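These numbers were taken from a predicted model, which means no experiment stands behind them. Chain A is the first sequence line, chain B the second, and so forth, proteins listed ahead of strands; every chain is numbered from 1.
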Amino acid sequence: MTTGSLPGTAPPVRRPRSQLRELELRGVSRAYGAHLALKPFDLTVRGGEFVALLGPSGCGKTTALNCLAGLLPLTGGEIRLDGRRVDTLPPEKRGFGMVFQNYALFPHLTVRANVAFGLKMRRLGKAEIRDRVDAVLRLVRLTEHAAKHPGQLSGGQQQRVAIARAIVVQPPLVLMDEPLSNLDAALRLEMRSEIRRIHQEFGLTTIYVTHDQEEALSLADRLVVLRDGAVSQVGTPAELYEHPVSPYVAAFMGYRNLLGLTATSGDTAAGRGLSVAGTPGGGPVAAGQPVTVAIRPEDLHVAGDGEPGGAGVGGAVVGEAVAEVVEYHGRTLHVEAVTAEGDRLHLRTSRPVHPGDALRVAAAPERALIFPGDGGAP
Amino acid sequence: MTAVAAGPQAPAPDPGTVRGRVALTHRLAERGVDRVLLLAVPGVLALVALFCYPFLYGLQLSFQPAHGGVLGAYRAFFADPFARKSIWQTFALAIPASLINVGASVPISYRMRREFRGKRLLLAVLVVPITLGTVLTAEGIGEFYGPAGWFNRTLHLLGLSSSPVKLTMNYTGVLLSLVISGFPFAYLLIHSYLSGIHPSMEKAAATLGADWWQRFRYVTLPLLAPGLMTTFCLTFVMTFAVFPSALMVGDPDGSTHVISIEAYEAALQRFDYAQGCADAMIMTALMLAVIVAVTALRSRLYTGTTGGKG
């Protein structure tokens, strides 16, 4: 388990400004009775960064966010904002913006009053409140809905009000708790780029909780993958995508084929009628050791007759399987094939394949990751 | 019906009527008229027999006094200063008692949303008086707070008072009894209104910089206000009709000569039923006036959902 600073290179600074230089979490933990919902957790967030906490439900990511917001007291550890300790402050003194999963808009207030709420609590002047609310409403494109109540808005509009309300106070840190999970697929895509745009335009520092790896990869500068309250891996999207440190992270990053085999050398594995030439993913592997081989469906393809490995350069035949489910996805077919031993392989191909066809399946060795240990898949 | 051109494959039964019948049941269903409506029948019957009929009977009785013409009984009520004063005395009890019941319920139920040790016990203590009859409560107050009751004896023992504090057989005794029997009711109602407000509302307000008072003032209270008004109406109606305690721990010939006692004395001590009915009708009109006023105020507030998804 790696925590803190993996080779997490700082993202290029391209933002207008950020009020925060550094947010530091040191050994932050949270227990419910004997159950440790969040194990001691270290993370340093730089100003202007967009960090996603990624994991399945129950992995502790929302707990972590609530601890940051001050809605849950910590059981241990400390949170420092530019060196100043904030974990002892109540939520209203931290000044962080938070976007809730159910938006938590005030139903009795208009959109304008909802957005103005935080400014009003800060006792700003009427004229300043009006100007800042107008500016934010323009940014989230809700100017013409300012006089409406939340109940009269669509889900996407409510979501934008929630974001506007959180960012209008120009918080040093914005926390978002699965803000897109209540939206339909098309709107989710649209709002995703909206969130990234707002993050950049306002120079925000954002911590974003999600269970959707695609969302996390596309939005975040850095990802934190959580599992059972502990950090599995921290890194940039590319690092996690290319070099997951465990089968668990690999599964999250789209390595759908996780095969429990036995190592035959440092970089080959075999068993269950399959043999794979791969690359060690999470540390050295010795022959005879049980290993998990992770391959993305995109990297597994049908080997041509006689050809060593179809389209992939240096592709090596993994084994044989019978196509069972073939889905048409435009240029490619998504194929689910079953080996003689009953293992399911997910692969892509552009060649015509029909259910029942016997396939020879191949993968490039640099695309097949070999992890020590079996299991570990979510 | 004849307007429907009979095509070659037209079915034999008159299609016009069939279509008309379907349309009628559909139209009725649109207005909420269907067989489920029959479920309301027993309730409506009971309401007619137990409320509408006695009420209308009393109403017509109030217009037939022995003398003074149709409005004689009403004129007699307002001509008698002692009777007239009972209106003021009823309001003087009902309004403060309802305000105390609603006002005390808010902070207590606000606190009771959180878990703490002894919560169930406290809840039981708060709610038990609802199971006691008003007569029992009044009797208990008479015993406990009376001149020789435990309350005064304790005060005396502690040397806090030399002569007994007069808490019964006056206004205070009746107010106490109205609070003791009315509070559990108000508390239970407000507690349920309060738990209908999604906890994320206050969390959101907190992250926006609102301290506990601002969270209450700008988020919880506005969402709770319609519920408070409804609760006020209900406790007001209960306290406005105060009768046993006004007799038992009050001063029924003086400061707690409430309108229900006035009606009772007219009907069952002077056997002037018309006058008794007129008094009751005046009482009803006053209650309705207050309820209409509060409801009108309530309709100007936000009364939609109180949290969760919009």
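Within a 6.0 Å sphere centred on CZ of A:R85, other residues, nucleotides and ligands contribute more than 12 heavy atoms. The number of heavy-atom neighbours closer than 6.0 Å to CD of B:E30, taken from other residues, nucleotides and ligands shown, is 12 or below.
For a residue to count as touching a neighbouring chain, one of its non-hydrogen atoms must lie under 4.5 Å from one of that chain's; by this rule A:K120 touches chain B with the side chain only. For A:F100, the part sitting under 4.5 Å from any heavy atom of chain B is the side chain, from C-beta outward, and nothing else. In this structure, the portion of A:R122 lying under 4.5 Å from any heavy atom of chain B is its side chain and not its backbone.
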Side-chain donor-acceptor contacts of residues 114-134 of chain B below 3.5 Å, not counting sequence neighbours, with atom names and distances?
| unit_1 | atom_1 | unit_2 | atom_2 | d |
| --- | --- | --- | --- | --- |
| B:K119 | NZ | B:M112 | O | 2.7 |
| B:T131 | OG1 | B:V128 | O | 2.6 |

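Listed by chain and residue number, nothing satisfies the side-chain hydrogen bond (donor to acceptor under 3.5 Å, both in side chains) test with B:Q214 (two or more places apart in sequence, or in another chain).
Interface remark: of the candidates B:L208, B:T207, B:V219, B:L208 forms the most heavy-atom pairs closer than 4.5 Å to chain A. Across B:T303, B:L301, B:D211, the residue that shares the most heavy-atom pairs under 4.5 angstrom with chain A is B:D211.
Between A:K61 and A:E178, at least one side-chain nitrogen of the basic residue sits less than 4.0 Å from a carboxylate oxygen of the acidic one, meeting the salt-bridge criterion.
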